[in-house]
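A, B, ... follow the sequence lines: proteins, then strands. Residue 1 opens every chain. These numbers come from the heavy atoms of this one structure, side chains and all, not from hydrogens, waters or symmetry mates. Because the structure is a prediction, the values reported are computed rather than measured.
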Amino acid sequence: MRPASESPVVRFTQVSKRFLLRRNAAGSVKELCLAALHPSRRETHRELWALRDVTFDIHAGEAVAFVGRNGSGKSTLLKLVAGITAPTQGQVLVTRDARIGTLIELGIGFHGELSARDNVYLNAAIHGLSRREIDEVYPAILDYSGLADFADQPVRNFSSGMHMRLGFSVAMQLRPDILLLDEVFAVGDAAFQAQCLDTMRAYRHRGGTLLFVSHEPESVRQICDRVIVLDAGAVVYDGGVDEGLEAYARLSASRGIDVAGVDEHPAPASPPRA
Amino acid sequence: MWHNLVALPRYRGLIQTLVVRDLKARYRGSVLGFFWSFINPLLLLLIYNFVFSTVMPGVRPADLEPYALFMFCGILPWTWFSSSLLESSSTLLSGGNLIKKVLFPAEVLPIVTVLANMAHFFLGLPILVGFLVYYQRPLDPVELLWFPVIVLVQFVLTIGLALLLSALTVHFRDLKDLLGNLLTLWFFATPIIYPISQAPDYMRWAMNLNPMTHLAISYQEVLFYVGPHGHWRWLMSLALLAVMTFLLGYFVFDRLRDSFAEEV
């Protein structure tokens, strides 16, 4: 393991994230009018604390796996790092000049009617690459995906595995400093999964920082050197890989799925603000 | 707000890519493809022409010839305007993946909608030019200089309204249906299929409050009527209003921005 640099690249300080789930039908004028007339119909919200008091530091070059059952707050955490949503309480600090690769989903913006080539340009543009940058990396993307023969085919003819291959190939050419990965290997065949793991190792070798959400102990073992276990939005373990995976296994065995603490009480009818 | 507004030109590459996606994807797989951009306004024109020339020929003023050309001057920009608003009201919802899964400048989406529809508008222009040539209309080159100005005013106004609508629809989904009906009413309240001179005097003040009135009249003055563009004072006031609408739309959009990723 390389020595971690002095200041962390990602720092969470007592971060909490609350979602307000509307109980009555989603925002409509009718509901507003009815709510104004009948106090009993006033919109109530279910409060969902997706994260509670989460604190950790991640240093450059670390590869951290976030594990936990469904609904434990893993994806929310990645979205906070990416800046897609803002924390309700606490502070999220991400080093300023880092290029963040957000792979919560592969192939964002793909349009079935467009060719693989068009979709690569589209997807890369959405991830913030300029046209010239894409021109530069396009051959590498096509090469990596192994789909060169299908470059002019519309992607609606692609299998879901090919779809994902293409998305992942774009993602790997974004050259991020911090990579946020959300269980994206799940679909590919064995050969492509092996290729992904190799790429991840090479990425780490270059000194890239990785935040990885996974349910799959094997890939965590192969790529990561630290595990953070989340349960009901709180950190229950932070440390070595083997102990972490054990802690997660115990957690899964002890209880079935239950979603993070839900409190119910009326909330103001105004739209929730982040 | 200003900070984000200043950053907007940085996304022009992204905007361009998304507009091209929209245009390419829209007619991909259909037999006539891009020709639909010509055919759609042409069919609409044929319908109105049939109604006013064959079904009720007495309704229109006799001296307004060729009536089809007159209507076309208004229908073409109106289609741009109304499709832009209608589509932008759902653009954030349909583009939810972009907003939820990557850090993405959401204002790009309504802007792309307006630009893609503007491209269709431009594609419809050759038909208009064809009509002008066919009827041998005298066109004043100096007057034609107003044309890009009118387009620009409409562009800014439409973007402003599109930003406003797209942001509000995230919280009030009903707006989309409401808008469909409102646009039908708005179409008939705008002097497009009838000249403003036919509107009763007591309605004039209300029609003058409608920004689309002045755009339609401006297009008609430049492309249809002979003589100088007499409506430019109204157009300039409208330009001011358009800029204010844009700023208001952007302001509202920016205020609601943080809620999009969770509400979409």
Pair listing, side chain to side chain donor-acceptor pair (under 3.5 Å) test, anchored in residues 8-24 of chain B, at least two apart: D118(A)-K24(B)
Heavy-atom closest pair (L98(B) atom, I108(A) atom, distance to 0.1 Å) is CD2-CG2, 3.1 Å
What residues of residues 101-118 of chain B sit under 4.5 Å from chain A when you count only heavy atoms? K101(B), V102(B), L103(B), F104(B)
Neighbour count above 12 (heavy atom, 6.0 Å) for M1(B) CE: yes
I126(A) side, atom CD1; N97(B) side, atom CG - distance, nearest 0.5 Å: 9.5 Å
Checking F131(B) now: which residues fulfil ring-ring contact (aromatic ring centres under 6.0 Å, His included) with it, not counting sequence neighbours? F72(B)
With a cut-off of 6.0 Å (strictly less than), are more than 12 heavy atoms of other residues, nucleotides or ligands near CD of Q153(A)? yes
So K17(A) and E262(B), side chain to side chain contact (heavy atoms under 4.5 Å, CB included) or not? Walk me through it. CA-CA 11 Å; K17(A) 177 69 187 177; E262(B) 283 157 38; 2.7 Å; yes
Top contributor to chain B contacts, counting heavy-atom pairs under 4.5 Å, from I104(A), T102(A), I84(A): I84(A)
Donor-acceptor pairs are to be reported for all side-chain atoms of residues 166-173 of chain A against protein atoms at under 3.5 Å, with residues two or more places apart or in another chain.
from: S169(A); atom 1: OG; to: S145(A); atom 2: N; distance (Å): 3.4
from: S169(A); atom 1: OG; to: R165(A); atom 2: O; distance (Å): 2.6

Which atom of T85(A) lies closest to which atom of A261(B), heavy atoms considered: CG2-CB, 3.8 Å
